[in-house]
Amino acid sequence: MSETNSKLFRFLDRFSLFTGIIGCISLTLSISVSQSMFVLALLSLLIVKLLSRSVGPSPSLSKYSTGFTKLLVAGLLLYASWLLSAVLHSISSMSIQPITALLKSDFKDVWLMFVAVWVYHHSSHTEHRKLVLRAIAIGFLIVILTGLVSAFSPYRLSKLLYHMKHGWEFSAAARLQHPMLTLPFGITLYMPVGMLGTHLAFGAQLGFAIVPLLLFTIDRYIQKPWFRGWSLADWSVLFLLAVAGIVFGLTNARSAVLGVLSALLVGVVFLTYRKWQKKVLRLAWVPFLVIAGFVLLIVNDSSRDFLMQSFGFEQKHSDYQRIMLWSSAIEVAAKNPVFGVGPGMFSDAVVNQMNALSKDRPYLWYLFMQVERGHAHNDLLHHLVTGGVVSALLFLYFWSRVLFLCLGSTLSKFAGGGARLADRILAEFAPFVVFAPLILLIGGLFQCYLLDDQVLLPFWLMVGLTAVASKSDFNYNELGNDYV
């Protein structure tokens with residue numbers, strides 16, 4: 001390779017790194033900015049890959065692990081099933097409308113998969129790895145901090161500029177946040193959404209941070225019970241977990257809560273079998289503490305009402321709408337079993353099914369009209385309706401590959417080091433990230449998280465880190481010494 005091309009190679013590689021870093025940091029502040037930066041990062045990375053053919057072996061261009069490759073293939077096949085469904089519907093109807101609906105649907109988010117490739121590429125580079133971890137950590141710190149601020153404000157942070165221009169009154173263009181809990185001295189806590197638009201997406205973003213924070217803290221307690229000998233790094237993570245936990249509890253994102261609990265369960269079982277073993281008995285007092293805390297909460301009227309609302313036990317609740325939606329969606333899937341109704345056609349198909357049922361049962365019409373019909377509120381069911389059995393089976397295969405990748409990490413990588421406190425925390429914290437992607441497996445049974453780019457982007461960031469952690473030749477010990 002000529003010297004000019006060599007300089008271009010290095011420039012594009014660094015450009016890809018720093019535009020991606022901006023994408024990580026701006027994730028929760030502006031999804032448009034974040035995606036734009038990752039587009040630039042991925043285009044630069046593509047050119048780097050092409051130029052690398054004439055460069056020779058490079059540590060930054062290490063081959064993908066088998067598990068990561070299979071996961072990427074599974075993801076591409078899943079999106080390909082949507083494309084196949086749209087093409088077949090277009091041919092059968094002799095219309096371009098199904099293809100148009102495909103391009104307007106969430107099929108366009110297929111490129112977000114390659115955000116994981118960006119993470120894998122730069123995290124495999126000895127010099128870049130720590131910068132990637134720092135950027136992702138800063139991004140999730142912003143998630144926690146914006147959530148904490150929004151918990152004390154009735155105004156949505158994403159609408160502050162609107163309010164500054166149009167006044168501080170409620171309007172359809174700038175809805176206020178829901179009050180969740182009243183504290184002494186008249187302090188009201190609100191349902192935090194950070195800079196996002198919905199508490200469900202924000203809860204999922206926060207969940208990606210909650211899982212490794214919890215597992216890190218549990219691991220530290222098991223290794224050093226009753227907080228004896230805890231370092232400043234350990235106490236810093238515990239404090240961050242406490243803040244994130246309070247904000248997470250206020251989100252009322254039950255699908256994200258279930259996802260976090262399921263991912264935490266997988267992590268605890270895996271770590272118990274592979275690392276903690278009998279030491280896990282040091283956590284025997286935790287269930288009693290949880291029960292005692294729950295009893296204390298239900299004594300207070302305000303906190304009891306908050307818990308009742310969070311678990312869906314309040315007198316007026318909309319959970320019945322989800323059941324009605326699932327029932328109609330299953331009927332639609334049964335009528336279109338093989339290739340589904342086509343991407344982008346879920347809402348129309350379900351509405352037609354509800355209208356047909358309402359003709360025989362007019363009393364259901366008003367209830368059906370209250371149901372949110374944009375998606376199935378269940379990732380598996382949405383893929384079944386959209387792409388048929390083909391898509392549903394590929395969806396299950398995709399998650400099997402995610403599970404294999406997440407559980408492919410070995411405990412030899414649990415290490416720390418480095419001169420800076422932040423880097424020591426990241427070095428010891430990073431291995432627990434491998435369980436974070438699993439929150440969308442169970443959480444996705446009650447919400448279409450794989451259709452939300454604000455959730456998909458951090459999901460693929462976590463998948464990229466998980467793929468790096470599952471490399472047989474990777475050791476987090478390097479984080480403390482390779483780049484300071």
Side-chain angles (χ1 to χ4, degrees), residues 27-29 139-164 167-172 174-211 213-214 217 236-261 264 289-319 439 443 446-447 454-455:
L27 169 64
T28 190
L29 298 175
F140 282 105
L141 278 174
I142 294 175
V143 173
I144 296 172
L145 291 176
T146 55
L148 180 63
V149 172
S150 64
F152 289 91
S153 171
Y155 302 103
R156 295 173 183 264
L157 299 184
S158 60
K159 297 294 182 179
L160 286 181
L161 293 178
Y162 176 91
H163 284 299
M164 293 174 66
W168 299 91
E169 299 297 329
F170 167 82
S171 68
R175 295 177 297 145
L176 299 179
Q177 297 191 137
H178 300 287
M180 293 298 293
L181 190 64
T182 301
L183 301 178
F185 307 106
I187 299 175
T188 300
L189 296 180
Y190 296 87
M191 181 187 293
V193 296
M195 293 291 291
L196 305 186
T198 69
H199 67 114
L200 297 174
F202 180 74
Q205 282 194 1
L206 198 55
F208 288 123
I210 290 283
V211 169
L213 283 171
L214 270 169
T217 304
S236 299
V237 172
L238 179 60
F239 174 76
L240 192 61
L241 172 62
V243 175
I246 293 172
V247 176
F248 188 63
L250 291 171
T251 61
N252 197 28
R254 290 174 293 164
S255 53
V257 171
L258 290 174
V260 166
L261 292 177
L264 181 64
L289 179 64
V290 172
I291 294 173
F294 185 80
V295 171
L296 290 175
L297 283 174
I298 63 176
V299 171
N300 180 270
D301 292 338
S302 180
S303 59
R304 182 174 61 250
D305 292 341
F306 167 71
L307 288 174
M308 295 290 283
Q309 178 183 352
S310 299
F311 289 101
F313 296 138
E314 56 184 337
Q315 292 182 351
K316 295 182 180 180
H317 210 279
S318 59
D319 282 349
I439 72 172
F446 302 93
Q447 180 67 20
Q454 293 177 322
V455 176

Closest heavy-atom pair and its distance - [X], [Y]:
X	Y	value
G207	V260	CA-CG2, 3.7 Å
A256	A204	CB-N, 3.8 Å
I144	V243	CG2-CG1, 3.9 Å
P192	S150	CB-OG, 3.2 Å

So, taking the atom named [atom1] in [X] and the one named [atom2] in [Y], what distance separates them when rounded to the nearest 0.5 Å?
X	Y	atom1	atom2	result
T28	L196	OG1	CG	4.5 Å
S236	L241	OG	CG	12.5 Å
T217	L213	OG1	CG	6.5 Å
L189	I187	CG	CD1	7.5 Å
M180	T188	CE	OG1	12.0 Å

Side chains of [X] and [Y]: closer than 4.5 Å at any heavy-atom pair?
X	Y	value
Q177	V193	yes
Y190	L250	no
F208	F140	yes
V257	F248	yes
L200	T251	no

L141 vs L240, side chain to side chain contact (heavy atoms under 4.5 Å, CB included): CA-CA, chis, key distance, verdict: CA-CA 9 Å; L141 278 174; L240 192 61; 3.7 Å; yes

R156 side chain to M195 backbone, donor-acceptor under 3.5 Å: no

Side-chain donor or acceptor of Q205 paired with backbone N/O of Q454 under 3.5 Å: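 The answer is yes, because a donor-acceptor pair under 3.5 Å joins these two groups.
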
